[in-house]
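Following: one structure in structure tokens, then a few remarks.
This is a predicted model, so every value here is computed, not measured. Positions are given from 1, in the same order as the sequence printed here.
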Amino acid sequence: MKYSLLFILGICTLNAFSQQPEPAKHTGKYTSAANVFLGSSGDHGQLSPAASYPFSMLSIGPQTYPHTHTGYEHNAKQFLGFTHNRFEGVGCMGSGGNLFIKPFLGKYQEDERLIKVKESGSPGYYSVGFSNGIEAEMTVLANQGMHRYTMPKGEKGFYIDLGYAFNGGFLAEEHKIEGNKITGFINSKTTCGAGAYRVYYEVIFTKAVRFESLSERKLLVLAGAEDEEIGIRVSFSSTGVAYAQRAQSTVDFDVLKKQSDAGWEKHLSRIEVKGDAEREKLFYSLLYRTIQSPYQISEADGTYKAIDGSTQKATNMMYNGWAIWDNYRTQLPLLSLAYPERFQDVAVSIANLYRYGKKDYATKNEPSPTVRTEHAVVVILDALRKGHKINTKQITDSLIKEVDGLDYGQPDKALEASYDAWALSEILRLQGNKELSAKYLAKAMEYKNYWNKDFKDITRSDVDRMQARKLYQGTIWQYRWFVPFDVKGLIDLIGGEQTYIEQLDYFFKNDLYNHANEPDLQVPLMYNATPQAWKSQKLMRNYAVDTVVQYYFNDNSRGIDPFVDRIYQNKPQAYVRTMDDDAGAMSAWFVLTATGISPACVGHPVYYLNVPLFRSVKFSWPKGKSLDIEVENFSERNMYIREVRLNGKVLGRNWLSHDEIIAGGKLVIVATDEPQENKNIWVTDVNAR
């Protein structure tokens with residue numbers, strides 16, 4: 001898709017013991033590099049090492065004691081049991097943790113403890129050994145998975161709680177026992193309790209078992225005394241029990257594990273990086289985190305459940321499980337770059353929400369755990385501009401209704417609503433509706449009134465205070481930069497380019513930036529709208545791999561003692577304290593920065609460049625197409641761009657279009673340790689036609 005240079009800059013200008021868990025053996029080149037325990041301790045990402053599969057809502061993982069945000073704490077020794085879904089890295093108390101299973105020996109005792117003595121994992125696989133001699137393994141492939149338990153001879157069995165949800169969100173369930181299997185559905189509250197979802201399942205024991213009922217939803221499954229290895233097959237569907245049953249396979253555990261590993265290897269290999277070995281491991285650990293969600297909810301025949309509970313049919317894959325407010329500037333753009341064929345269906349699925357009663361948070365009939373969908377209109381525009389096919393005319397009335405109902409009552413909401421109004425204006429313009437487009441562009445430009453009222457004066461005493469003036473998880477300083485669709489207008493409001501640079505300098509010099517959350521996530525890139533783009537190049541590297549100072553935390557506080565360390569670390573206590581990964585939002589920020597490509601503004605398919613964190617980066621797509629990125633003069637000191645060449649042609653700019661990237665070829669970034677002043681190569685008016 002072609003567009004004028006005049007679009008560009010305002011363009012949106014464990015362990016409790018001494019040993020560490022080991023990655024599972026016999027994994028592929030990329031899966032062996034990924035650390036599934038990253039971010040799984042304390043309030044450092046809200047992640048778990050559950051066995052999972054790309055974009056699958058089934059994930060089998062441990063529940064530990066005491067209760068934590070995601071149900072798992074890496075340093076915990078006591079395990080409660082295992083559950084089969086979780087929305088990774090999101091806020092509130094998360095969601096999932098359904099279908100609870102606990103192995104036991106002898107007669108079942110409710111207070112019997114499982115004490116961890118060893119633990120390992122890799123993408124698609126998790127294993128733990130307990131002090132009583134039980135060893136448990138899990139693996140997942142799409143919507144099917146298996147447990148494998150090695151247990152001493154003698155009495156043994158499993159305790160099952162069908163009314164379990166680790167956030168206390170259980171609502172209802174129905175189940176049926178037949179032979180050695182259980183089928184049914186479970187309803188639970190979504191993240192933040194805003195709505196509800198339903199999951200259908202089938203559980204099959206591979207050995208003869210006997211069921212006993214403890215209560216309406218609690219069962220004992222008693223196994224044979226001579227059985228030393230017992231398998232449990234589990235499958236999920238958001239559509240119905242029959243579809244969950246179809247998802248089951250008859251292959252043994254090791255075959256399923258190998259297939260899962262191969263699937264993860266294929267997904268992770270889309271981006272190949274070469275450089276420092278430890279940094280490569282960090283990269284693939286974070287890439288692994290970015291492709292857990294959204295969840296594929298449609299079946300092989302196209303059947304799926306819409307968010308109003310109705311059964312529908314689609315010709316493409318349908319997805320659910322959204323955290324769009326959190327990840328629309330990082331994770332979703334990364335999917336559009338690395339997995340464009342999948343992003344096509346993701347974008348259609350987001351647009352499809354409007355047909356069935358989309359809400360900012362969840363409906364009462366979600367087909368999977370989910371969080372929130374604000375700024376969906378921006379993602380739809382971004383997909384259109386990247387050449388994806390979406391029938392927006394059938395949802396135009398719903399888009400208009402949503403934008404007309406946006407809240408301008410608080411300073412941050414006024415700026416966010418203006419962004420959505422701008423995106424709607426652009427969608428209407430692409431449809432050829434010039435009159436309505438002009439109306440919503442004018443509405444978007446009213447942000448200037450709100451900005452002058454609340455954000456212009458930075459001498460007021462509350463400008464560095466979290467939640468001042470009812471702001472959501474941020475400060476006046478952090479939100480004042482949020483005008484990605486009109487950076488030129490913002491520069492003018494601030495008082496011109498020089499004042500704009502001075503205020504950005506003050507913002508970063510005084511550590512007012514907050515990388516523990518998303519409200520000001522784009523600000524390190526904002527020097528790109530000036531001749532001092534080198535400052536953005538330095539900031540992106542610093543926040544990715546260097547020691548930084550952070551005073552703000554995701555508990556709505558400005559801490560007395562700062563965080564002074566590297567943000568991204570390949571260990572259980574990763575990230576800044578209180579920093580949620582938010583469905584891959586923060587991991588994707590690192591992945592994009594590491595490749596040297598970051599979205600300038602979602603809604604315009606343009607990416608600012610920085611020096612990659614590796615000597616070479618390669619994006620590979622289906623049908624043999626690829627983009628090879630090479631860094632000349634690579635070193636840790638050389639963090640500034642001296643020159644950019646695309647397919648042998650020198651570019652007099654520090655950005656690439658999405659079309660240029662996806663077309664493939666060779667990108668050479670010449671690095672230097674000297675800041676490079678740029679003049680008259682940045683255009684800052686996104687609204688120039």
Query raised in the report: Any side-chain heavy atom of Y126 within less than 4.5 Å of one from V36?
Result: no
**Report entry** Residue pair Y65 / E73, side-chain donor-acceptor N/O under 3.5 Å
**Finding:** no
**Report entry** Side-chain H-bond candidate by donor/acceptor type, Q63 with T83, under 3.5 Å
**Finding:** yes
Query raised in the report: Just wondering, more than 12 heavy atoms not from K266 lying within 6.0 Å of its NZ?
Result: no
Query raised in the report: Using a distance-only test with no angle check, is there a side-chain donor-acceptor pair under 3.5 angstrom linking S310 and D308?
Result: yes
Report task. Run the salt-bridge test on K118 and E135 with the 4.0 Å N-O cut-off and return the result as yes or no. Result -> yes
Requested in this report: Report yes if some heavy atom in the side chain of P572 is under 4.5 Å from a heavy atom in the side chain of N75; otherwise report no.
Outcome: no
Query raised in the report: Honestly, is K257 close enough over Y125, meaning NZ or CZ under 6.0 Å from the six-membered ring centre and within 45° of the axis?
Result: yes
Query raised in the report: Without hydrogens or angle criteria, can the side chains of S56 and N143 be said to hold a donor-acceptor pair below 3.5 Å?
Result: yes
Query raised in the report: Does a donor on one side chain sit under 3.5 Å from an acceptor on the other, for T190 and E366?
Result: no
Query raised in the report: Is any side-chain heavy atom of V140 less than 4.5 Å from a side-chain heavy atom of F236?
Result: no
Query raised in the report: Does a side-chain heavy-atom distance below 4.5 Å link Y108 with E110?
Result: yes
Report task. Output all residues satisfying salt bridge (charged side-chain N to carboxylate O under 4.0 Å, His left out) with E212, sequence neighbours left out; order by chain, then residue number. Result -> R210
**Report entry** Residue pair S59 / S52, side-chain donor-acceptor N/O under 3.5 Å
**Finding:** no
**Report entry** T64 and Q78: side chain donor to acceptor below 3.5 Å
**Finding:** no
Report task. Please list all pairs passing the ring pair (Phe, Tyr, Trp, His ring centres under 6.0 Å) test where one or both residues lie in residues 301-324, with sequence neighbours left out. Result -> none
Query - Heavy-atom check, side chain of V371 versus side chain of N327, under 4.5 Å - result: no
Report summary line: Here the gap from I101 atom CD1 to L219 atom CG, rounded to the nearest 0.5 Å, amounts to 10.0 Å
Requested in this report: Could I get the full list of side-chain contact (heavy atoms from CB on, under 4.5 Å) partners for H267, not counting sequence neighbours?
Outcome: P54, F55, I291, Y339, R342
Requested in this report: State whether K29 and E272 are salt-bridged, where the test is any N-O pair (Lys NZ or Arg NE/NH1/NH2 against Asp/Glu carboxylate O) under 4.0 Å.
Outcome: yes
**Report entry** Q296: partners by side chain to side chain donor-acceptor pair (under 3.5 Å), with sequence neighbours left out
**Finding:** none
Query raised in the report: Does K189 NZ have over 12 foreign heavy atoms under 6.0 Å away?
Result: no
Requested in this report: Please tell me if the side chains of F205 and F211 come closer than 4.5 Å, counting only heavy atoms from C-beta onward.
Outcome: yes
Query raised in the report: What's the spacing between T370 OG1 and Y197 OH if we round to 0.5 Å?
Result: 11.0 Å
Report summary line: The side-chain contact (heavy atoms from CB on, under 4.5 Å) partners of S249 (sequence neighbours excluded) come to Q144, R233, V251, L256
**Report entry** Criterion side chain to side chain contact (heavy atoms under 4.5 Å, CB included) on S48 and E88, from CA distance to verdict
**Finding:** CA-CA 7 Å; S48 83; E88 294 282 356; 2.7 Å; yes
Query raised in the report: When rounded to the nearest 0.5 angstrom, what is the spacing between OG1 in T239 and CD in E299?
Result: 4.0 Å
Report summary line: Minimal heavy-atom distance between P123 and A34, with the atoms involved, is CG-CB, 3.7 Å
Report task. Could you tell me whether K181 atom NZ has more than 12 heavy atoms of other residues or ligands within 6.0 Å of it? Result -> yes
Query raised in the report: So, do W264 and Y53 sit near enough that their side-chain heavy atoms are less than 4.5 Å apart?
Result: yes
Query - For the student: nearest non-hydrogen atoms of Y72 and P62, plus distance - result: CD1-CG, 3.3 Å
Query raised in the report: What residue pairs, at least two apart or across chains, pass ring pair (Phe, Tyr, Trp, His ring centres under 6.0 Å) with a residue in residues 346-374?
Result: none
Report task. Please assess D301 against R246 for the test side chain to side chain contact (heavy atoms under 4.5 Å, CB included), listing each intermediate value before the final yes or no. Result -> CA-CA 11 Å; D301 64 1; R246 292 180 197 177; 4.1 Å; yes
Query raised in the report: Any chance the side chains of Y288 and S122 put a donor and an acceptor closer than 3.5 Å?
Result: no
Query raised in the report: Can you tell me how far the CD1 atom of I134 sits from the NZ atom of K102, to the nearest 0.5 Å?
Result: 9.5 Å
Query - Sequence-distant partners of K176, side-chain contact (heavy atoms from CB on, under 4.5 Å), two or more places apart - result: E178, T183
Query - Salt bridge flag under 4.0 Å for residues E402 and K358 - result: yes
Report task. Could you list the residues that satisfy ring-ring contact (aromatic ring centres under 6.0 Å, His included) with F82, not counting sequence neighbours? Result -> none
Report task. Decide side chain to side chain contact (heavy atoms under 4.5 Å, CB included) for R372 and D326; before the verdict, give the C-alpha distance in whole Å, the side-chain angles of both, and the deciding distance to 0.1 Å. Result -> CA-CA 8 Å; R372 55 197 306 186; D326 304 280; 3.7 Å; yes
**Report entry** Spatial distance of atom NZ (K305) from atom CD (Q312) [nearest 0.5 Å]
**Finding:** 9.5 Å
**Report entry** Which residues share a salt bridge (charged side-chain N to carboxylate O under 4.0 Å, His left out) with E155, sequence neighbours left out
**Finding:** K107
Requested in this report: Check side-chain contact (heavy atoms from CB on, under 4.5 Å) between N316 and all other residues, then give those that pass, not counting sequence neighbours.
Outcome: A314, M318, D345, V348
Query - Test: R148 and D254 ion pair at under 4.0 Å - result: yes
Requested in this report: Mind running side chain to side chain contact (heavy atoms under 4.5 Å, CB included) on N132 and E112 for me, showing each step along the way?
Outcome: CA-CA 10 Å; N132 62 1; E112 182 180 0; 4.1 Å; yes
Query raised in the report: Can you tell if the side chain of F104 reaches within under 4.5 Å of the side chain of L220, non-hydrogen atoms only?
Result: yes
Requested in this report: Return yes if a side-chain donor-acceptor contact under 3.5 Å exists between N85 and Y295, otherwise no.
Outcome: no
Requested in this report: Output all residues satisfying ring-ring contact (aromatic ring centres under 6.0 Å, His included) with H147, sequence neighbours left out; order by chain, then residue number.
Outcome: H84, Y149
Query - Non-neighbouring partners of E341 that pass salt bridge (charged side-chain N to carboxylate O under 4.0 Å, His left out), sequence neighbours left out - result: R270
